[in-house]
Amino acid sequence: MSSVFYVTTPIYYANAEPHLGHTYTTVVADMLVRWNRMHGREAWSVSGTDEHGEKMVEAAEKAGTSPQAFTEQISAVFQRTWAELGIGPSAFVRTTNPKHVANVTKLLQKVWDEGWIELREYEGLYCVGCERFLTERDMKDGLCIDHERAPERRRETNYFFLMSRAFGWLRQYIEEHPDFIRPERYRNEALAMLRDESGLGDLSISRPKDRLDWGVELPFDRDHVCYVWFDALISYLTGAGYPDDPAFEARWAVAEHLIAKDILKPHAIFWPCMLHALGIPPYKHLSVHGYWNVDDRKISKSLGNVIRPLAMRDRFGFDAFRYFLLRDMSFGVDSVFTEDALVARINADLANNLGNLVSRTLNMTGRFCDGRVPEPEEPGEAEDEVRAAAETAARAVDEHVEKLEPARALEAIMRLVDATNRYVDQREPWKAAKDESRAGELRTTLFTCCQSLRAIAVLLLPFVPDSATEILSRLGVPELADEARLPDSALGFELPAPGTETRKGAPLFPRIDSSELSEGED
RNA sequence: GGCGAUGUAGCUCAGGGGUUAGAGCACUGGUUUCAUAAGCCGGGUGUCGGUAGUUCGAAUCUACCCAUCGCCA
């Protein structure tokens, strides 16, 4: 397997502040980066903001400011948010960034030179109110839905990227690479888009400047700017270091794009066709997740039910929040976000099972063994079982992350937590502590608990990094937070070594009383 | 209108031609006290969306229908 890993989130459209959907994708990317680093790979991640286009001009106007000032501000909010949550990408690409604009200009020229772009007259129904051409969906009874006025027939010249030429190639590529687009449902959708009868044709990639001047100027026609996807998608190249970073090629060869299902078409169709035209190999994977629905409706700002990541962190702690996101969404399928589900998940998994295991283990180590990891005797059957459970969990985590099933990976870790809790009950160390003749057994039990807890913390590092780091620190092996490797550091019950000083600490994940919560609101 | 996905316990979901259909949560009985009123042991529940068919046998395959969602028109 490659020693390099490269993952991207979408280049988020900078017309509103980060919400739940952005946060989810960014958290998954962060989890993958951490997991890959724990496999000894050099991991690189890219996120960014898409700042051009008509809608941005509109949003800026509404906010009473210029597109430059508006996008600058929103982009800064995105960057600050990820930084504050500790999930910042290795590189953050703004589509207005000069280096990126240079890449777009150069690549547009290249595609033009090689005959993939053509000037066409476009005729359609134009709404003066919307300042754009309408599609059937925008109209009702021949009138613009928003402005209730009849659109006028207008002609305009647009440059078209002749992507339909590459459809045959792309169809074959998708068929020959079953995990190019995953999960399978989205691969099927992409193939459906490529069927002749779908009517998908070439892509308009420009707007005349007299209608829109907020964009990258076409190098071969100064009167037009590049429109939407073309310049945004190239961010994935810019972010990976294109063209002059020596690491670019190695990164690009393993590029993993994470997106939500709403932008499947640009990523599954436009982007591979663009890369094909540029003579750049396709990305490795496109991984598509579903929507988080809030109150059974798609999250959107206009609905006013926006979940803000920083607010969630303040109320529940960011690790608890990201645990919920990773645990409760089956990657690829829509999920429902409710506060009840969040609280239930935190209490059941993190407080009652994991947090309580941490408390009882470290408390008993403190009370019965002077706060040091005890010297064990020969392991018996019960100890072997715990150890086997850790091995099973370690293997399952890798398998599931590899297949991009974080929920199952976490499920596997919780099974190890359960097994360890059962082991404690079975061995009854609190009784052994009162019986001099069982001193050896007591030491073995608490040693084993500490070992298992270390394995659990190591496995949790990519998912809940701060909490896992805290557990390792309390176990007296803080260095593992940076040095741990998967799966090895979760195996071989040898750390923390006997004699290592442990620290009990406060409850890791306090139980949340949901009745108090609802009172505290509004 | 076309294509596709989904529909399994109160909730979230797993499974997938073959004995009495699974997990977690929630609920509940017991137990324990090391622990965050946590843990552990036990318990009930389902016409597996509907109808028809293929089959010795279907929740699992096929057709149609219904509902929800997505893409396309």
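Lettering follows sequence order; numbering is per chain, from 1.
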- Message: When you compare the side chain of A:Arg322 with that of A:Pro465, does any pair of heavy atoms fall below 4.5 Å?
- Response: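 When only atoms from C-beta onward are counted, A:Arg322 and A:Pro465 do touch, with a gap below 4.5 Å.
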
Would you mind classifying the nucleic acid contact of [X] as base, sugar-phosphate or nothing, using non-hydrogen atoms under 4.0 angstrom?
X        : answer
A:Asn363 : sugar-phosphate
A:Pro429 : nothing
A:Leu362 : nothing

Assigned partner base of [N], Watson-Crick or wobble definition, under 3.5 Å:
N      : value
B:rA9  : none
B:rC40 : B:rG30
B:rG4  : B:rC69
B:rG18 : B:rC56

Check whether any side-chain N or O of [X] sits under 4.0 Å from OP1 or OP2 of [N], and answer yes or no.
X        : N      : result
A:Lys261 : B:rU6  : no
A:Arg367 : B:rA35 : yes
A:Arg185 : B:rC69 : no
A:Arg511 : B:rA38 : yes

Rounding to a whole Å, what distance do you find between [X]:[atom1] and [N]:[atom2]?
X        : N      : atom1 : atom2 : value
A:Leu354 : B:rG39 : CG    : C1'   : 13 Å
A:Asp349 : B:rA23 : CG    : P     : 17 Å
A:Glu405 : B:rC13 : CD    : C1'   : 13 Å
A:Arg422 : B:rC41 : CZ    : C1'   : 11 Å
A:Phe509 : B:rA38 : CZ    : C1'   : 15 Å
A:Arg438 : B:rC34 : CZ    : P     : 13 Å
A:Asp418 : B:rA35 : CG    : P     : 20 Å

- Message: Both A:Ala419 and A:Lys265 contact RNA chain B. Taking the nearest nucleotide for each, which residue is further toward the 5' end?
- Response: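 Here A:Ala419 is the residue nearer the 5' end.
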
- Nearest-neighbour nucleotide for the A:Glu189 side chain, B:rC34, B:rG39, B:rC71 considered: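 Closest nucleotide to the A:Glu189 side chain: B:rC71.
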
- Query: Quick one: which of B:rU36, B:rG15, B:rU33 gets closest to the side chain of A:Arg408?
  - Reply: B:rG15

- On the 0 to 90° scale, with breaks at 30° and 60°, tag the A:Phe321-A:Phe318 ring pair as parallel, tilted or perpendicular.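 Tilted.
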
- With a 3.5 Å cut-off and just heavy-atom distances, do the side chain of A:Asp425 and the base of B:rG39 make a donor-acceptor pair? yes

- Message: Is it the case that B:rA38 (base atoms only) and A:Asn352 (side chain only) share a donor and an acceptor within less than 3.5 Å, ignoring hydrogens and angles?
- Response: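 Result: no qualifying N/O pair found.
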
- Item | Stepwise side-chain contact (heavy atoms from CB on, under 4.5 Å) check, A:Leu286 with A:Trp271 | CA-CA 11 Å; A:Leu286 174 65; A:Trp271 184 221; over 6 Å; no

- Message: Taking the ring centre of each residue, are A:Phe161 and A:Phe270 less than 6.0 Å apart?
- Response: no

